[in-house]
Enquirer: 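Quick one: the structure is below, questions incoming.
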Amino acid sequence: MYQNTMIETNATFLTWNAWGLRTPQSTMNETTSQIASTTTTTGTTTATMNLESTTNTSILSPTAGPTNPAVPSTLTTSTRVTGLQNATSTTSVPGSSASSVTSQNAMSTTRPRSMSLKPNIVWIMADDLGWGEVGLYPANSKHGRLRTPYLDQFGREGVAFRHAYAGYCVCAPSRMSFFTGKHSGRFVAMGLDGMSLRPEQNVSTFPEVLQSAGYVTAAFGKTSPLTAPLRQGFQVFLGQVSQGLCHNMYPRHIDQGKGQLNFALFGNFANKSRELCMENPERYNYTIDAFHDAAMAWLEEVSKAPGPPFFLYMSYTIPHAGGWGDYPKMPESGQPVPLDMGYTDRTWPSVERDHAATVSYMDLKIGQLMKHLQTLGIDEKTICFFASDNGAHFEAGHRMGFFDSTGGLPGHKAGMFEGSVRSPSMVRWPGKIAPGRWSDFPWAFWDVFPTLASLAGVEVKSYNLDGVNILPQLLGDLGDDKDDNQIQPDQPDLSRYFYFTWVGDGGRFIRTKDPFIKRNGPGYTVRRGRWKGMVPHCRDQDRVKPSLRDRMRLFDLVEDPLETKDVSSSNPEIVQDLKKLVVSQNLSCICYQCFWPFHKAHHGRGLRKQMLCSL
């Protein structure tokens with residue numbers, strides 16, 4: 001069980017008067033084992049935590065004891081700072097009895113009294129979290145491991161996947177795949193640019209399917225590529241629509257309902273900098289706190305009485321690089337975070353201390369969320385997913401090798417190797433998913449649509465998705481301890497493949513100023529079973545499609561998981577089979593957010609600026 005040990009730190013003094021909702025005590029920062037020698041003050045009570053020695057080997061969260069001597073009991077707190085103000089009018093809360101939330105967020109229906117047998121669904125999305133940055137996953141750095149006790153606990157209470165994939169190697173295209181159930185090789189045929197999805201394009205999203213199946217839906221945080229969340233499956237929204245503006249983590253305004261920049265964070269109207277925000281966190285409003293606390297309040301409201309199930313999309317914007325800017329600026333100048341999370345005394349560059357703190361801060365929030373589900377009595381009725389939208393980043397001065405963020409996998413965000421697209425994906429559902437499982441079953445973001453639709457009892461054949469329902473792999477056999485989800489080296493599912501586009505020689509990040517890339521254009525990777533083919537540049541640059549003439553490298557992910565040896569010359573039949581597969585599927589090689597100027601020739605909208613800050 002997650003301990004309900006709460007303490008009010010200066011980072012979360014938020015009142016939700018604009019929402020008509022009180023701030024639940026469980027939104028205050030929990031004291032955890034990752035906070036070392038940190039002093040926090042609540043009213044007249046001061047608690048000092050020195051929890052460095054906790055090993056966190058138990059499935060249970062840290063409790064007071066010999067290895068964790070300073071965990072204080074729950075402290076009663078009061079909300080002290082009104083840092084948020086809604087800029088729009090208010091009406092009723094969707095699916096609740098509260099009396100004020102923005103009119104853009106209002107639903108026309110009320111909650112029936114009957115409880116559906118469909119589970120509640122929570123999807124927690126990290127932004128640019130590397131495969132090796134969660135403690136359960138492998139990593140080897142002389143600087144030690146990042147502290148993620150609650151994510152480790154999350155994984156131990158469910159199933160953790162070694163071979164789960166995001167939707168792409170950078171943010172927006174990955175989430176495009178997530179929402180639509182299509183991989184990047186299909187985007188051109190669907191008329192998608194990989195950057196934004198507009199309601200008028202009439203492309204179905206899985207939140208729309210869940211809503212039509214009777215789910216109450218809400219999104220908090222980053223919703224890219226959706227441009228109008230309330231018209232694309234969500235009934236409640238508070239966050240940031242613009243992918244670029246998500247880099248501003250202390251902005252004056254964020255988005256709510258149907259509007260943009262219509263929700264004021266008054267704590268952020270003062271001068272801002274890394275030093276000011278960390279020295280005086282009570283004076284500022286960190287976006288992560290705003291998103292998270294709104295989600296916690298919404299959960300409390302929708303779970304008050306029996307009613308329809310809910311879908312919560314909790315989309316954090318960390319540990320992506322960011323800054324302290326305001327619209328229209330969107331700098332990536334560091335890793336903003338209000339607290340040092342116990343890393344202050346480390347003799348690391350400040351950007352690395354901050355990166356570690358963002359990961360541990362997000363972990364803390366996830367622990368609070370899991371505890372909240374338990375406190376509300378809905379934990380066993382709720383299936384929770386956790387994933388990252390792409391591989392580890394290398395932005396704003398952070399070096400991904402500093403913490404071995406990819407867990408030894410080659411590549412990084414914006415690349416072709418496994419470290420570019422592998423996600424530390426985990427799923428928990430008490431009583432339904434057996435705890436303590438590791439699985440090598442491969443799946444990707446385009447499998448989310450059919451899987452969540454299956455949970456909602458919706459048939460998806462008519463949607464012509466690329467993904468498959470992985471619910472049977474999630475549930476498994478509770479009475480069987482063996483792992484039957486291992487990669488089958490000799491008997492792969494011939495209809496199952498994983499396809500990603502990008503541009504570059506072997507996955508190195510190269511901009512369009514390089515004449516070699518301009519001349520040769522984008523390529524792709526394809527995996528089926530144990531075999532992964534890599535084509536840095538498609539030969540058919542007129543149609544930008546795979547062809548049998550493509551020069552393909554081949555890696556055996558069973559024998560060579562780090563992709564160190566190209567075995568194409570000794571396996572020509574495998575190479576030919578993989579090329580025939582992708583050619584037969586009529587896929588595109590076009591890459592997205594890759595600085596290759598394809599929009600003019602292939603989308604007819606003129607050359608679009610693909611900024612590095614949009615990654």
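This is a predicted model, so every value here is computed, not measured.
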Enquirer: Would you indicate whether the side-chain heavy atoms of Ser315 and Arg175 approach each other to under 4.5 Å?
Expert: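 Contact flag for Arg175/Ser315 side chains = yes.
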Enquirer: Kindly indicate, with the supporting measurements, whether the criterion salt bridge (Lys or Arg N to Asp or Glu O under 4.0 Å) is fulfilled by Lys413 and Asp127.
Expert: CA-CA 11 Å; Lys413 174 184 179 178; Asp127 200 345; 5.6 Å; no
Enquirer: Per the ring pair (Phe, Tyr, Trp, His ring centres under 6.0 Å) rule, which among Phe178, Phe311, Tyr313 passes with Trp123?
Expert: Phe178
Enquirer: State, to 0.1 Å, how close Asn285 and Gly267 come at their nearest heavy-atom pair, and which atoms those are.
Expert: OD1-N, 3.0 Å
Enquirer: Any chance you could measure Thr148, atom OG1, to Glu133, atom CD, to the nearest 0.5 Å?
Expert: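 One gets 9.5 Å once the value is rounded to the nearest 0.5 Å.
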Enquirer: Go through Met426 and Leu151 one step at a time and tell me if the side chain to side chain contact (heavy atoms under 4.5 Å, CB included) criterion holds.
Expert: CA-CA 9 Å; Met426 304 178 288; Leu151 279 171; 3.9 Å; yes
Enquirer: Donor-acceptor pair, Asn268 side chain versus Tyr284 backbone, under 3.5 Å?
Expert: no
Enquirer: Who pairs with Trp446 by ring pair (Phe, Tyr, Trp, His ring centres under 6.0 Å), at least two apart in sequence or on another chain?
Expert: His183, Phe500
Enquirer: In chain order, what residues pass the ring pair (Phe, Tyr, Trp, His ring centres under 6.0 Å) check against Tyr524, with sequence neighbours excluded?
Expert: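 For Tyr524 the ring pair (Phe, Tyr, Trp, His ring centres under 6.0 Å) partners, ignoring immediate neighbours, are Tyr499.
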Enquirer: Does any N or O in the side chain of Thr501 come within less than 3.5 Å of the main-chain N or O of Ser184, such that one atom is a donor and the other an acceptor?
Expert: no
Enquirer: Would you kindly say whether Gln335 and His398 are connected by a side-chain donor-acceptor distance under 3.5 Å?
Expert: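 No - no donor-acceptor pair under 3.5 Å links their side chains.
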Enquirer: Using only atom types and a distance under 3.5 Å, with no angle test, would you say the side chain of Gln593 pairs donor to acceptor with the backbone of Val170?
Expert: no
Enquirer: What distance separates Met190 CE from Leu197 CG, expressed to the nearest 0.5 Å?
Expert: 8.0 Å
Enquirer: Are Phe445 and Tyr165 close enough that some pair of their side-chain heavy atoms sits under 4.5 Å apart?
Expert: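 Sidechains of Tyr165 and Phe445: no contact.
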Enquirer: Could you pull out all residues at least two apart from Glu459 that satisfy salt bridge (charged side-chain N to carboxylate O under 4.0 Å, His left out)?
Expert: none
Enquirer: If you define the side chain from C-beta out and look only at heavy atoms, does anything of Phe449 sit under 4.5 Å from Val468?
Expert: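 Phe449 does not reach Val468 side chain to side chain.
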Enquirer: Side chain of Lys371, backbone of Ile366: donor and acceptor closer than 3.5 Å?
Expert: no
Enquirer: At their closest point, which heavy atom of His320 faces which heavy atom of Asp128, and how far apart are they?
Expert: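 Looking at all heavy atoms of both residues, the shortest contact is CD2-OD2, 3.1 Å.
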Enquirer: Who are the side-chain contact (heavy atoms from CB on, under 4.5 Å) partners of Ala321, not counting sequence neighbours?
Expert: Glu332, His393, Glu395, Ala396
Enquirer: When rounded to the nearest 0.5 angstrom, what is the spacing between CH2 in Trp429 and CG in Leu455?
Expert: 5.5 Å
Enquirer: Are any of the side-chain heavy atoms of Leu312 and Ile121 separated by less than 4.5 Å?
Expert: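 No, their side chains stay 4.5 Å or more apart.
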Enquirer: Can any side-chain N or O of Tyr168 pair as donor or acceptor with the backbone N or O of Tyr592 at less than 3.5 Å?
Expert: yes
Enquirer: Can you name the disulfide (SG to SG under 2.5 Å) partners of Cys538, sequence neighbours left out?
Expert: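 Per chain and number, Cys538 pairs via disulfide (SG to SG under 2.5 Å) with Cys589.
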Enquirer: Please examine the side chains of Asp293 and Phe220, heavy atoms only from C-beta on, and report whether any two atoms are closer than 4.5 Å.
Expert: no
Enquirer: Do Val241 and Ser224 make a side-chain contact, defined as non-hydrogen atoms from C-beta onward lying under 4.5 Å apart?
Expert: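 Counting from C-beta outward, Val241 and Ser224 never come under 4.5 Å.
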Enquirer: Let's go through Tyr316 and His292 carefully: what are the C-alpha distance in whole Å and the side-chain angles of both, what is the deciding distance for side chain to side chain contact (heavy atoms under 4.5 Å, CB included) to 0.1 Å, and is it a yes or a no?
Expert: CA-CA 8 Å; Tyr316 297 112; His292 177 85; 3.0 Å; yes
Enquirer: Which atoms form the tightest heavy-atom contact between Leu369 and Met314, and what is the distance?
Expert: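 It is CD2-CG, 4.4 Å.
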Enquirer: Could you pull out the closest heavy-atom pair between Asn248 and Tyr327, with the gap in Å?
Expert: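 Heavy atoms of Asn248 and Tyr327 come nearest at ND2-N, 3.8 Å.
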Enquirer: What's the shortest heavy-atom distance between Ser196 and Arg198, and which atoms?
Expert: OG-NH1, 3.9 Å
Enquirer: Name all residues meeting the ring pair (Phe, Tyr, Trp, His ring centres under 6.0 Å) criterion together with Phe269; count only those two or more places apart in sequence or in a different chain, and write none if there are none.
Expert: His253, Phe266
Enquirer: With distance as the sole test, does Gln235 use its side chain to make a donor-acceptor pair with the main-chain N or O of Thr217 at under 3.5 Å?
Expert: yes
Enquirer: Under the side chain to side chain contact (heavy atoms under 4.5 Å, CB included) rule, what do Leu226 and Arg231 come out as? Steps first, then yes or no, please.
Expert: CA-CA 9 Å; Leu226 305 185; Arg231 296 173 59 195; over 6 Å; no
Enquirer: With no hydrogens and no angle check, is any side-chain donor or acceptor of Ser454 less than 3.5 Å from a backbone partner on Pro450?
Expert: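 No, the answer is negative, given that no donor and acceptor are paired below the 3.5 Å cut-off.
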Enquirer: For Cys384, what residues pass the side-chain contact (heavy atoms from CB on, under 4.5 Å) criterion, not counting sequence neighbours?
Expert: Val122, Phe154, Met370, Leu373, Thr382, Arg428
Enquirer: Does the side chain of Gln232 come under 3.5 Å of the side chain of Thr205 through a donor N or O and an acceptor N or O?
Expert: no
Enquirer: If we ignore hydrogens and angles and just use 3.5 Å, is the side chain of Thr358 paired with the main-chain N or O of Val337 as donor and acceptor?
Expert: no
Enquirer: Taking only residues two or more places apart in sequence, or in another chain, which ones meet Lys545 in a salt bridge (charged side-chain N to carboxylate O under 4.0 Å, His left out)?
Expert: none
Enquirer: Does Arg422 have any side-chain hydrogen bond (donor to acceptor under 3.5 Å, both in side chains) partners at least two apart in sequence or in another chain, and if so, which?
Expert: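 Partners of Arg422 by the side-chain hydrogen bond (donor to acceptor under 3.5 Å, both in side chains) criterion, ordered by chain and then number, come out as Glu418.
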Enquirer: Identify, with sequence neighbours excluded, every residue that meets ring pair (Phe, Tyr, Trp, His ring centres under 6.0 Å) alongside Phe310.
Expert: Trp298
Enquirer: For His163 and Arg527, run side chain to side chain contact (heavy atoms under 4.5 Å, CB included): C-alpha distance rounded to whole Å, both residues' side-chain angles, the deciding distance at 0.1 Å, then the answer.
Expert: CA-CA 11 Å; His163 288 260; Arg527 174 183 175 176; 3.1 Å; yes
Enquirer: With sequence neighbours left out, write down each residue that passes salt bridge (charged side-chain N to carboxylate O under 4.0 Å, His left out) with Asp326, or none if nothing qualifies.
Expert: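 If we apply the salt bridge (charged side-chain N to carboxylate O under 4.0 Å, His left out) test to Asp326, skipping adjacent residues, the hits are Arg252, Lys272.
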Enquirer: Look up atom CG in Asn390 and atom SG in Cys169, then write down how far apart they are to the nearest 0.5 Å.
Expert: 7.5 Å
Enquirer: So do Phe187 and Asp193 actually touch side chain to side chain, heavy atoms under 4.5 Å?
Expert: no
Enquirer: Tell me whether Gln240 contacts the main-chain N or O of Leu245 through its side chain, where contact means a donor paired with an acceptor under 3.5 Å.
Expert: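 The answer is yes, because a donor-acceptor pair under 3.5 Å joins these two groups.
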Enquirer: Say you draw a straight line from CG of Leu129 to CG of Asp389; how long is it, rounded to the nearest 0.5 Å?
Expert: 9.5 Å
Enquirer: Can you find a heavy atom in the side chain of Thr525 that is under 4.5 Å from one in the side chain of Phe498?
Expert: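 No, side chains not in contact.
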Enquirer: Main chain of Gly185, side chain of Ser588: is a donor-acceptor contact present, judged purely on distance under 3.5 Å?
Expert: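 Flag not set: sc Ser588 to bb Gly185 has no pair under 3.5 Å.
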Enquirer: Any pair with a residue in residues 463-475 that passes salt bridge (Lys or Arg N to Asp or Glu O under 4.0 Å), sequence neighbours left out, goes on the list, sorted by first then second residue, please.
Expert: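 Pairs touching residues 463-475 that pass the test: Arg186-Asp466.
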Enquirer: Could you grab the distance from atom CZ of Phe291 to atom CD1 of Ile318, nearest 0.5 Å is fine?
Expert: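 Separation between the atoms: 10.0 Å.
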Enquirer: Could you pull out the closest heavy-atom pair between Val159 and Ser439, with the gap in Å?
Expert: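 Heavy atoms only, the tightest pair is CG2-CB, 4.0 Å.
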Enquirer: Less than 3.5 Å apart, any donor N or O on the side chain of Asp447 or Asn469 sitting next to an acceptor on the other?
Expert: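 No - no donor-acceptor pair under 3.5 Å links their side chains.
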